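This report concerns only the one structure given below.
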Amino acid sequence: MDNCNYENSNAQKTDSTVDYNELKRQLGILNLSIDTIYVIVVAIVFNILYLDNQRNTLLDSINGTNYTKNGPDLSKIPRITNYMVVYATGMFLLINGSEYERQLSMTGENRNEKSICKAWKSVMSSVLVLLASLIGSNNLEV
């Protein structure tokens with residue numbers, strides 16, 4: 001039992017040596033990531049509304065009714081949501097690029113080639129998703 005208490009006191013000592021600037025940097029990254037995910041969620045909700053409107057338009061055609069005529073014009077939603085996705089992807093590219101630069105700048109014992117490779121792959125995946133979003137924006141009907 002005393003051994004457990006001793007280990008806990010060591011853990012508390014280790015926590016006091018944490019670099020608070022690093023913790024603030026990580027908190028900033030988490031906050032930006034959460035805000036960016038909110039943008040993606042809103043874009044998804046907009047797309048659901050657009051698809052629901054398209055379904056209702058098809059139902060009007062099938063049933064010979066005209067209920068969607070009085071509804072809002074949602075024809076620009078795909079373009080707007082694409083811009084939102086491009087913005088979100090750009091934010092993740094910024095986050096991944098900063099991490100890659102940070103990993104590259106480390107020297108000595110702190111430098112980890114595996115972490116550098118992982119950060120590079122994250123940057124490249126963000127670039128590819130951004131490129132796909134930009135290319136896909138040309139295919140949207142407005």
Side-chain angles (χ1 to χ4, degrees), residues 1-63 66-142:
M1 185 86 173
D2 287 335
N3 192 18
C4 289
N5 290 334
Y6 178 74
E7 289 175 5
N8 288 339
S9 66
N10 279 345
Q12 290 173 353
K13 288 179 184 177
T14 306
D15 288 343
S16 67
T17 61
V18 171
D19 182 14
Y20 287 103
N21 289 331
E22 176 64 18
L23 291 176
K24 287 180 183 180
R25 184 190 72 77
Q26 290 177 4
L27 181 62
I29 290 171
L30 287 174
N31 286 337
L32 182 58
S33 297
I34 290 169
D35 292 343
T36 304
I37 290 172
Y38 286 150
V39 170
I40 292 170
V41 168
V42 169
I44 290 170
V45 169
F46 282 171
N47 277 328
I48 290 170
L49 291 173
Y50 175 76
L51 291 174
D52 187 55
N53 186 35
Q54 292 297 309
R55 180 183 61 187
N56 291 337
T57 302
L58 286 174
L59 287 172
D60 274 349
S61 297
I62 291 170
N63 296 324
N66 203 9
Y67 292 119
T68 56
K69 179 181 102 174
N70 297 328
D73 179 21
L74 300 179
S75 63
K76 299 210 184 293
I77 292 292
R79 176 106 24 219
I80 292 168
T81 57
N82 184 263
Y83 290 148
M84 293 170 80
V85 169
V86 167
Y87 166 79
T89 306
M91 287 296 106
F92 285 124
L93 177 60
L94 178 70
I95 292 168
N96 291 333
S98 296
E99 180 61 20
Y100 178 65
E101 288 178 354
R102 191 177 77 80
Q103 291 293 331
L104 276 179
S105 68
M106 290 189 177
T107 58
E109 293 177 3
N110 293 333
R111 189 172 177 96
N112 184 347
E113 295 300 322
K114 188 174 181 180
S115 294
I116 293 171
C117 183
K118 182 179 175 185
W120 173 249
K121 288 178 182 179
S122 295
V123 168
M124 290 310 299
S125 65
S126 294
V127 167
L128 292 174
V129 171
L130 181 63
L131 186 62
S133 297
L134 290 171
I135 291 171
S137 67
N138 292 329
N139 295 330
L140 298 174
E141 290 182 33
V142 178

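Hydrogens, waters and symmetry mates play no part in the numbers below; they use all other heavy atoms, side chains included. What you are looking at is a predicted structure, and each value in this text was computed from that prediction instead of being measured.
- Among residues two or more places apart in sequence or in another chain, the salt bridge (charged side-chain N to carboxylate O under 4.0 Å, His left out) test is passed with Asp60 by none.
- Of all the heavy atoms in Leu130 and Thr89, the pair that sits closest is N-CG2, 3.3 Å.
- With sequence neighbours left out, the side chain to side chain contact (heavy atoms under 4.5 Å, CB included) criterion links Ile34 to Tyr38.
- For the atom pair Asn31 CG and Lys24 NZ, the distance stands at 13.0 Å (nearest 0.5 Å).
- The salt bridge (Lys or Arg N to Asp or Glu O under 4.0 Å) analysis of residues 36-53, with sequence neighbours excluded, yields the pairs Asp52-Arg55.
- For Thr57, there are no side-chain hydrogen bond (donor to acceptor under 3.5 Å, both in side chains) partners, not counting sequence neighbours.
- Take Asp35 and apply the side-chain hydrogen bond (donor to acceptor under 3.5 Å, both in side chains) test, not counting sequence neighbours, and it matches no residue.
- A distance of 11.5 Å separates OH in Tyr50 from CD1 in Ile80, rounded to the nearest 0.5 Å.
- Legend: salt bridge (Lys or Arg N to Asp or Glu O under 4.0 Å) pairs involving residues 127-136, not counting sequence neighbours: none detected.
- Contact check for Met106 versus Asn112: no side-chain heavy atoms found under the 4.5 Å cut-off.
- Expressed to the nearest 0.5 Å, how far CD1 of Ile77 lies from CG of Asn53 amounts to 9.0 Å.
- For the pair Asn56/Tyr67, no side-chain contact is recorded, criterion being any heavy-atom separation below 4.5 Å from C-beta on.
- Residues that satisfy the side chain to side chain contact (heavy atoms under 4.5 Å, CB included) test with Thr36, not counting sequence neighbours, are Leu32, Ala88, Met91, Phe92.
- Screening residues 125-136 for side chain to side chain donor-acceptor pair (under 3.5 Å), with sequence neighbours left out, gives Asn96-Ser126.
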**Request:** Determine, step by step, whether Ile40 and Met84 satisfy the side chain to side chain contact (heavy atoms under 4.5 Å, CB included) criterion, reporting the C-alpha distance in whole Å, the side-chain angles of both residues, the deciding distance to 0.1 Å, and the verdict.
**Result:** CA-CA 7 Å; Ile40 292 170; Met84 293 170 80; over 6 Å; no
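- Checked against side-chain hydrogen bond (donor to acceptor under 3.5 Å, both in side chains), Asn70 has no partners two or more places apart in sequence or in another chain.
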**Item:** Trace of the side-chain hydrogen bond (donor to acceptor under 3.5 Å, both in side chains) decision for Asn47 with Thr81
**Value:** CA-CA 7 Å; Asn47 277 328; Thr81 57; 3.1 Å; yes
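- We find the CD1-CD1 distance between Ile44 and Ile37 to be 10.0 Å, quoted to the nearest 0.5 Å.
- Listed by first and then second residue, the salt bridge (Lys or Arg N to Asp or Glu O under 4.0 Å) pairs involving residues 118-127 amount to none (not counting sequence neighbours).
- Partners of Glu22 by salt bridge (charged side-chain N to carboxylate O under 4.0 Å, His left out), not counting sequence neighbours, listed by chain and number: Arg25.
- Remark: Glu99 pairs with Arg102, Gln103 by the side-chain hydrogen bond (donor to acceptor under 3.5 Å, both in side chains) rule, at least two apart or across chains.
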**Prompt:** Stepwise, does the salt bridge (charged side-chain N to carboxylate O under 4.0 Å, His left out) test hold for Glu113 with Arg111?
**Reply:** CA-CA 7 Å; Glu113 295 300 322; Arg111 189 172 177 96; 3.0 Å; yes
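- For the atom pair Ser115 OG and Tyr100 OH, the distance stands at 12.5 Å (nearest 0.5 Å).
- The nearest pair of heavy atoms linking Val123 to Leu93 is O-CD1, 3.8 Å.
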